[in-house]
Novice: 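Dumping the structure here so I can ask a few things about it.
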Amino acid sequence: MPSSTRTTATAIAAAAALGGALFLAPGGAQAEDGNGDGNRPVDITVFAPDQGANAGIAGAGWFVDMEVDFVRTPLAATGFNGVQLTGPAGHNNIPPAPGLFGTGHDDKMPGLVVLTSTTSSTLPGFSGPGTNLAGLFNLTGVTNRTPDETELWDTWLVGAPIAGSNVDTVLTVAEVADLNHDGVYNDAPDVIKDANGDGRIDGHDLKALGVASNIVRIPFHIDGDRA
Ligand SMILES: [Ca+2]
Ligand SMILES: [Ca+2]
Ligand SMILES: [Ca+2]
């Protein structure tokens with residue numbers, strides 16, 4: 001084969017390989033980014049913590065950061081009722097984006113459940129791994145509104161070792177189904193019960209309660225070292 005033909009053939013082969021890579025990459029990335037399969041009315045993607053991460057400083061200073069996509073659901077039906085920028089003590093429920101701060105369901109995203117498997121049962125307001133931690137989130141807003149989806153973003157900077165320190169834990173997140181059938185995702189309990197009586201609070205108990213979303217489960221470690 002003349003060298004110019006060989007060069008062309010090599011170039012075409014290289015382009016085909018590159019094209020294949022370009023074609024495959026977005027699908028792979030999507031599967032990695034999304035925690036859900038996209039077949040439910042609500043799809044949750046947790047960005048932090050990463051599975052297997054060693055997060056935080058002496059039990060605090062770690063993040064839970066997520067987006068919650070409501071498929072073909074208007075904003076009002078998501079249960080969302082205002083942006084919030086809130087936190088403990090002097091940050092609680094003040095302008096310009098007031099929101100309540102405390103354990104239990106969140107006032108701004110009242111269908112969301114956030115659990116850790118090691119949540120304190122002794123700190124005030126905490127009743128162990130069934131405690132819904134969604135009410136502790138600091139920053140909530142609307143990141144996409146189209147006919148296809150309403151996307152909410154929700155972020156928590158964990159300010160105290162409420163789930164222990166130097167411990168393996170599991171984060172579990174889900175959107176509770178419209179249990180009272182008022183057309184709004186506003187039915188998350190303050191505390192999740194051990195529905196199947198196996199001594200753990202996890203996705204099985206959320207399924208028994210009723211969920212509208214994928215159930216995100218992220219095992220990770222909470223670092224015990226000081227800064
Ligand atoms: Ca709140
Ligand atoms: Ca409802
Ligand atoms: Ca259980």
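Counting convention: from 1, in listed order, for ligands and their atoms alike. As the structure is a prediction and not an experimental result, all values here were calculated from the model.
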Novice: Quick check for you: with the Ca ion (ligand 2) as the vertex, what angle do O of V184 and OD1 of D182 span, to 10°?
Specialist: 90°
Novice: Looking only at N, O or S atoms, which one in D198 sits nearest to the Ca ion (ligand 3)?
Specialist: OD1
Novice: Below 3.0 Å, any N, O or S contact between R200 and the Ca ion (ligand 3)?
Specialist: yes
Novice: Could you see if L123 belongs to whatever hydrophobic cluster contains F101? Use Ile, Leu, Val, Met, Phe, Trp, Tyr and a side-chain cutoff under 4.5 Å.
Specialist: yes
Novice: With carbon and hydrogen excluded and only N/O/S kept, which atom of D106 is nearest the Ca ion (ligand 1)?
Specialist: OD1
Novice: We want to know whether E175 and N214 form a side-chain donor-acceptor pair, criterion being a heavy-atom distance below 3.5 angstrom.
Specialist: no
Novice: Do D190 and H105 pair up side chain to side chain, a donor and an acceptor below 3.5 Å, judged on atom types alone?
Specialist: yes
Novice: Specify which N/O/S atom of D107 comes nearest to the Ca ion (ligand 1), by atom name.
Specialist: OD1
Novice: Taking atom types as modelled and ignoring hydrogens, do the side chains of D187 and N180 form a donor-acceptor contact shorter than 3.5 angstrom?
Specialist: yes
Novice: What atom name does the N, O or S atom of D178 nearest to the Ca ion (ligand 2) carry?
Specialist: OD1
Novice: Can you give the angle L100 O - the Ca ion (ligand 1) - Q84 OE1, rounded to 10°?
Specialist: 100°
Novice: Using the Ca ion (ligand 3) as the apex, give the angle to atoms OD2 (D205) and OD1 (N196), rounded to 10 degrees.
Specialist: 120°
Novice: If you round to 10 degrees, what value do you get for the angle at the Ca ion (ligand 2) between D187 atom OD2 and N180 atom OD1?
Specialist: 100°
Novice: Quick check: W153 with F47 (ring centres under 6.0 Å apart)?
Specialist: yes
Novice: Passes side chain to side chain contact (heavy atoms under 4.5 Å, CB included), V83 versus K108? Steps please.
Specialist: CA-CA 7 Å; V83 297; K108 302 299 184 183; over 6 Å; no
Novice: Can you confirm whether the side chains of D168 and H221 place a donor and an acceptor under 3.5 Å from each other?
Specialist: yes
Novice: Assess D194: does it contribute an N, O or S atom lying under 3.0 Å from the Ca ion (ligand 3)?
Specialist: yes
